[in-house]
There are 2 protein chains.
Amino acid sequence: MRQSVNDISLGQRLYERLEAFARHSEDGPDTLTRVFLSPEHRAAAEELLGWMRDAGMTAQIDAIGNVVGRYEGLTPDAPCLMMGSHIDTVRDAGKYDGNMGVLAALGCIEELNRNGERFPYAIELVAFGDEEGVRFPVTLSGSRAVAGTFDQTTLSLRDKEGTTLRQALTAFGCNPDRVAEVARRREQVLAFVELHIEQGPVLEDAGLPVGAVTAINGASRLSVEVRGTANHAGTVPMHLRRDALAAAAEMMLAVEARGGAEPDLVATVGRVDVLPGAVNVIPGLVRFTMDVRSPSDAARRRAVADIDRRIGEIAEARGVDISITQTHEAAACRCDPALIEAIGKSIARAGVEVRQLPSGAGHDAMAFSRLCPVGMIFVRCEKGISHNPAEAITVADADVSMRVLLDFIRHFDAGRLTRPNEERPAA
Amino acid sequence: MRQSVNDISLGQRLYERLEAFARHSEDGPDTLTRVFLSPEHRAAAEELLGWMRDAGMTAQIDAIGNVVGRYEGLTPDAPCLMMGSHIDTVRDAGKYDGNMGVLAALGCIEELNRNGERFPYAIELVAFGDEEGVRFPVTLSGSRAVAGTFDQTTLSLRDKEGTTLRQALTAFGCNPDRVAEVARRREQVLAFVELHIEQGPVLEDAGLPVGAVTAINGASRLSVEVRGTANHAGTVPMHLRRDALAAAAEMMLAVEARGGAEPDLVATVGRVDVLPGAVNVIPGLVRFTMDVRSPSDAARRRAVADIDRRIGEIAEARGVDISITQTHEAAACRCDPALIEAIGKSIARAGVEVRQLPSGAGHDAMAFSRLCPVGMIFVRCEKGISHNPAEAITVADADVSMRVLLDFIRHFDAGRLTRPNEERPAA
């Protein structure tokens, strides 16, 4: 017998379903690992297909392994509000990263179906299969395929057993020759909205269960090499040294200071190699990495330029040589202003103070930025921990999430959104 | 035919002899490696024995492998001015480290013998065989044996082939049961004076060929562990971080600043380990080493205490945890004030500005600090490089060294020295 919404809160139902859904794991009941196109992925997809159909949706697995359900609107073939997230996980994962966004949207559609609510727009729910990029050296395959930016050459990529993505899709029951047909046209998708755990500590620190995401941050990664002179730690007076590590330490503090100089910017030195690296030798060579992220590409580039200049000044003052190499750059994906506002209003109607925050981690929503307006709702997670079995949410926060997402769907107004080809306010 | 001093300058002769002496190497003519009790060590010792006898000295190899020569004074059995350094080398060494001190003193005695100069004191020249500690896990065996502080238990130590020090001594032709007899009584040795290349850049920076050493620096080594919280470099705002590396960078700059806050003190961070050490992860754990040296033990201890306190303050302000462990401590060996002054006067009489400087590296002279007053003369070496084939001196500097050392011997006055048991001025 189907459980009634009156028996249990929407949040409790979501929480329990996430617990149950985590059994689709290659590791057994105590840990969760569910990689793209694995038997566990297939089992999770099948269960989800059943739930979607029970909720009044048409549903199937598409050519790239996404589980796609459609809840029709008031008229057939209406353009859709697309929602979703991913059901693949990292190894030894938590239960909420990705899965919560899928099952929360499912819970909302079940509730709408139960009440017979239909809208001028359809609602589609997509459970992507490859957000984490664990199995193949590629990521966002599912969301890129839907957004029309899937790279066909990645079908030849191999996992560590030597299986190609093409072979794995075929074994999963998909037809890799039809991946291009997964792509949606712009007029079919009004917006893409993803609910996801924050994976950071901002909401917990603010004491808030949910927040409206402003952007998925762009990132610059740089590698800095500092060349001084290695020498005897006992025989060279301080004023005659060209200590590569002391110089690098000053540069690292400059990175930290610039990161903290404006809101939403972060700058991190994560890796340091010191040569020769002996207790009694002044370091002659230091290499360190730098990761700078911001919701604003302009702000990020300004910060990188400022840090570059400051590193140059420090090197000049200390008489050491430097080289700085950019190793990675990704543009920010800005959320649609009207979607941010609409999500904020739904949060306010749930009785929660509205907090806007950027996403420091990547998400499937990024893949949609050239197809349609994008919005995201973040949910507080304990200590900001993710990609770890210690990942945790509360039933109360799951309940707020459900109420906000339902309210958002009910008030969704595509007329106010900015299409990707239209002009947007400057970052 | 014996070469006359009139044919060639003392410095030129020393320089050429150092070149020739470097052929006693296990590596062939292009590199120099001469480890304790090796065939090359034996060949070098034999050649040196011959030179000593030619210079009017009695000479033999003692029970620990030292080559010991004695140039008698005006009366038999007079107490001696002992001079010397070591003839063992590191692997792939330079030609001057150790060998220059031995052959410079030899050149002086040759000159005195040629002129028939005798003094109220004898002159002894000792070429120690184990200053670098390359073969066995012990160092200063030769000088400690002469100074009476040789540890008999080290005879059981093994080299990497499994040969014990005792076996190696026997194979070298020494009687390890008689090492204790190598020790001198205090009344036999008026002072120990060693000439050595600086192994640092101070004299070169000052434009001076030689300098008077004030002390062989004492050293403290510490290991610092900084524990913050590892987290996602994209999702954690700057103000919510406990970045172990940023904290460590601030600590490293504090180490450098304290090292530079007073003359003759040096403080170095040589090794750093950062965990987890990924470009996109805020470091959660950093370990670094600290090496602090000074000619004054009191100044060194004050500096370590100040650095410890500053590290504590930084940790407190940043909310990271620290632990600091001392891994090594060695007291300074102060040179005798009257010897420093006498060496300075000889430098001045050679027409050179007198520069006093501490030694940051260890030397055989350290071993004598409880037996007799100790003095050292430093010689400029190119770029301060040592323990490397690029080690270099000039003929002109060798000539100044010879004139200073000869002048020092001729003016030596044991009456003004402070015996180790007597009170010394506070450091």
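Lettering follows sequence order; numbering is per chain, from 1. Given the structure is predicted, the values throughout are model-derived calculations rather than measurements.
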Side chain to side chain, [X] and [Y], heavy atoms closer than 4.5 Å:
X        : Y        : answer
A:Arg355 : A:Val202 : yes
B:Ser85  : B:Glu131 : no
B:Thr89  : B:Asp97  : no
B:Val210 : B:Asp397 : no
A:Ile311 : A:Ile322 : yes
A:Asn280 : B:Arg293 : yes
A:Phe378 : A:Gln199 : no
A:Arg300 : A:Glu329 : yes

Review point. What's the verdict on side-chain contact (heavy atoms from CB on, under 4.5 Å) for A:Thr268 and A:Glu256, showing C-alpha distance, side-chain angles and the deciding distance?
Key: CA-CA 7 Å; A:Thr268 308; A:Glu256 185 194 37; over 6 Å; no
Review point. Hey, which residues of residues 215-238 of chain B are touching chain A, say heavy atoms under 4.5 Å apart?
Key: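 Residues B:Asn217, B:Arg221, B:Asn231, B:His232, B:Ala233, B:Gly234, B:Thr235, B:Val236, B:Pro237, B:Met238 are the ones that qualify, each having a heavy atom under 4.5 Å from chain A.
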Check your understanding: Which of residues 380-391 of chain B get closer than 4.5 angstrom to chain A, counting heavy atoms alone?
Key ->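 Result: B:Lys383, B:Gly384.
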Among [options], who wins on heavy-atom pairs under 4.5 Å with chain B?
options                                : result
A:Pro358, A:Pro276, A:Ala267           : A:Ala267
A:Gly260, A:Pro201, A:Pro283           : A:Pro201
A:Thr327, A:Asp273, A:Val269, A:Val292 : A:Val269

Point to revise | Pairs flagged by salt bridge (charged side-chain N to carboxylate O under 4.0 Å, His left out) wherever residues 229-248 of chain B is involved - sequence neighbours left out | key: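 Those involving residues 229-248 of chain B are B:Arg242-B:Asp321.
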Review point. Please, which pairs that meet salt bridge (charged side-chain N to carboxylate O under 4.0 Å, His left out) have at least one residue in residues 258-269 of chain A, sequence neighbours excluded?
Key: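 For residues 258-269 of chain A, and leaving out neighbouring residues, the salt bridge (charged side-chain N to carboxylate O under 4.0 Å, His left out) pairs sorted by first residue read A:Arg258-A:Glu262, A:Arg258-A:Asp306.
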Check your understanding: In terms of heavy-atom proximity below 4.5 Å to chain A, should B:Val274 be classed as side chain, backbone, both, or neither?
Key ->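 Side chain only.
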Review point. Checking B:Leu240 against chain A: side chain, backbone, both or neither under 4.5 Å from a heavy atom?
Key: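 For B:Leu240, the contact with chain A is made by the side chain alone.
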Practice item. Please assess A:Met100 against A:Ser401 for the test side-chain contact (heavy atoms from CB on, under 4.5 Å), listing each intermediate value before the final yes or no. Key: CA-CA 10 Å; A:Met100 186 179 185; A:Ser401 302; 3.8 Å; yes
Check your understanding: Is the closest basic N to carboxylate O distance between A:Glu132 and A:Arg91 below 4.0 Å?
Key ->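 Judged by the 4.0 Å cut-off on N to carboxylate O distance, A:Glu132 and A:Arg91 do not form a salt bridge.
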Chain A interface, residue from [options] that has the most non-hydrogen pairs under 4.5 Å:
options                                : result
B:Met290, B:His239, B:Arg318, B:Glu198 : B:Arg318
B:Val281, B:Val272, B:Leu245           : B:Leu245
B:Pro263, B:Ser294, B:Gly277           : B:Gly277

Review point. Take atom CD in B:Glu313; do more than 12 heavy atoms of anything else shown fall under 6.0 Å from it?
Key: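 Enclosed: over 12 neighbouring heavy atoms sit under 6.0 Å from CD of B:Glu313.
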Practice item. Let me know if A:Leu357 has heavy atoms under 4.5 Å from chain B in its side chain, its backbone, both or neither. Key: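 Neither part.
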Point to revise | Part of A:Ala246 within contact of chain B (heavy atom distance under 4.5 Å) | key: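 Both backbone and side chain.
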